[in-house]
Amino acid sequence: DVKVTQSSRYLVKRTGEKVFLECVQDMDHENMFWYRQDPGLGLRLIYFSYDVKMKEKGDIPEGYSVSREKKERFSLILESASTNQTSMYLCASGTGGASGELFFGEGSRLTVL
Amino acid sequence: DAKTTQPPSMDCAEGRAANLPCNHSTISGNEYVYWYRQIHSQGPQYIIHGLKNNETNEMASLIITEDRKSSTLILPHATLRDTAVYYCIVRPFNYGQNFVFGPGTRLSVLP
């Protein structure tokens, strides 16, 4: 089975801290994505990557950066966490094309105090 | 712009068919219809997709109207574990995998 693993299910950080959210997939997928999910706002795309060392901004990239040094790993970085970044963060991967099947991790719930 | 419209919530009795509608009246010729669901505290899960023909897999059936302006996801025998938020998404087949998730339909399967 395809597995998308997110490093932490729950994190609590303080305002101004640098936060790393790690995501690893084991199916050699080219495409990887970071979403955040908030009540009433649904899933919103932060960043995505279609290849190693490649990244594209999604709908809400402000305050975030990403890193994809290896095909299987896609990291989301909050350079200076703020309380409005308290959210559920979801990583996904897929192969592209018409099949459209995205595989999601279980999510990382981040609380910024 | 909202590309799909779904009812915010629906109930279904356990063991009965759940029929979840989706309106996509502005769908383009190169856009597929995808369905995902999200069970509480988990990431979304792919269910099915289609272009213009009806599709069926082990999870569900997808019925797309002839004019492609609407579709229905059918869970033939709903169970309590099917309680989830169901997302209908339209996306061009050659547009990578950038899915835009709307608010979806919250399906409650009742015992």
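Nothing here was measured: the structure is a model prediction, and the numbers come from that model. Note that these values count all heavy atoms, side chains included, but never hydrogens, waters or copies made by symmetry. A note on names: the letters A, B, ... follow the listed sequences, proteins ahead of strands, and every chain is numbered from 1.
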- Of all the residues in residues 58-66 of chain A, which have a heavy atom that comes within less than 4.5 Å of a heavy atom in chain B? none

- Hydrophobic cluster membership, B:Y36 vs B:V85, 4.5 Å side-chain cutoff: yes

- Query: Between A:L43 and chain B, which part of the residue has a heavy atom less than 4.5 Å away: side chain, backbone, both or neither?
  - Reply: both

- Listed by residue number, which members of residues 10-18 of chain A have a heavy atom under 4.5 Å from any heavy atom of chain B? none

- Query: Do B:Y46 and A:L102 pass the side-chain contact (heavy atoms from CB on, under 4.5 Å) test, and can you show the C-alpha distance, the side-chain angles, and the key distance before you say yes or no?
  - Reply: CA-CA 7 Å; B:Y46 167 83; A:L102 276 183; over 6 Å; no

- At their closest point, which heavy atom of B:G43 faces which heavy atom of A:L90, and how far apart are they? CA-CD2, 3.8 Å

- Task: Kindly check if the number of other-residue, nucleotide or ligand heavy atoms within 6.0 Å of CZ (B:R106) is above 12?
- Result: no

- Task: Please look at B:P103 and chain A and tell me whether the side chain, the backbone, both or neither of the residue comes under 4.5 angstrom of a heavy atom of that chain.
- Result: neither

- Task: Give a yes or no on whether A:L113 and A:F20 share a hydrophobic cluster (residues Ile, Leu, Val, Met, Phe, Trp, Tyr; joining criterion: side-chain heavy atoms under 4.5 Å apart).
- Result: no

- Message: Using a 6.0 Å cut-off, check whether atom CZ of A:R109 has over 12 heavy atoms from anything other than its own residue.
- Response: no

- Message: Are B:I48 and B:I89 linked, directly or through intermediate hydrophobic residues, by side-chain heavy-atom contacts shorter than 4.5 Å (ILVMFWY only)?
- Response: no

- Task: State which residues pass ring-ring contact (aromatic ring centres under 6.0 Å, His included) with B:Y87; sequence neighbours excluded, sorted by chain then number.
- Result: B:F101

- If you group Ile, Leu, Val, Met, Phe, Trp and Tyr by side-chain heavy-atom gaps below 4.5 Å, do A:F104 and A:Y89 land in one group? no

- Message: Is it the case that atom CZ in A:R9 sees more than 12 heavy atoms from other parts of the structure closer than 6.0 Å?
- Response: yes

- Query: Does the side chain of B:H49 come within less than 4.5 Å of A:E101's, by heavy atoms?
  - Reply: no

- Query: Is A:F103 reachable from A:Y47 through a run of I, L, V, M, F, W or Y residues, each pair having side-chain heavy atoms under 4.5 Å apart?
  - Reply: no

- Side chain, backbone, both or neither: which part of A:E56 has a heavy atom under 4.5 Å from chain B? neither

- Message: Could you work out, with side-chain hydrogen bond (donor to acceptor under 3.5 Å, both in side chains) as the rule, every residue matching A:R68, not counting sequence neighbours?
- Response: A:S49

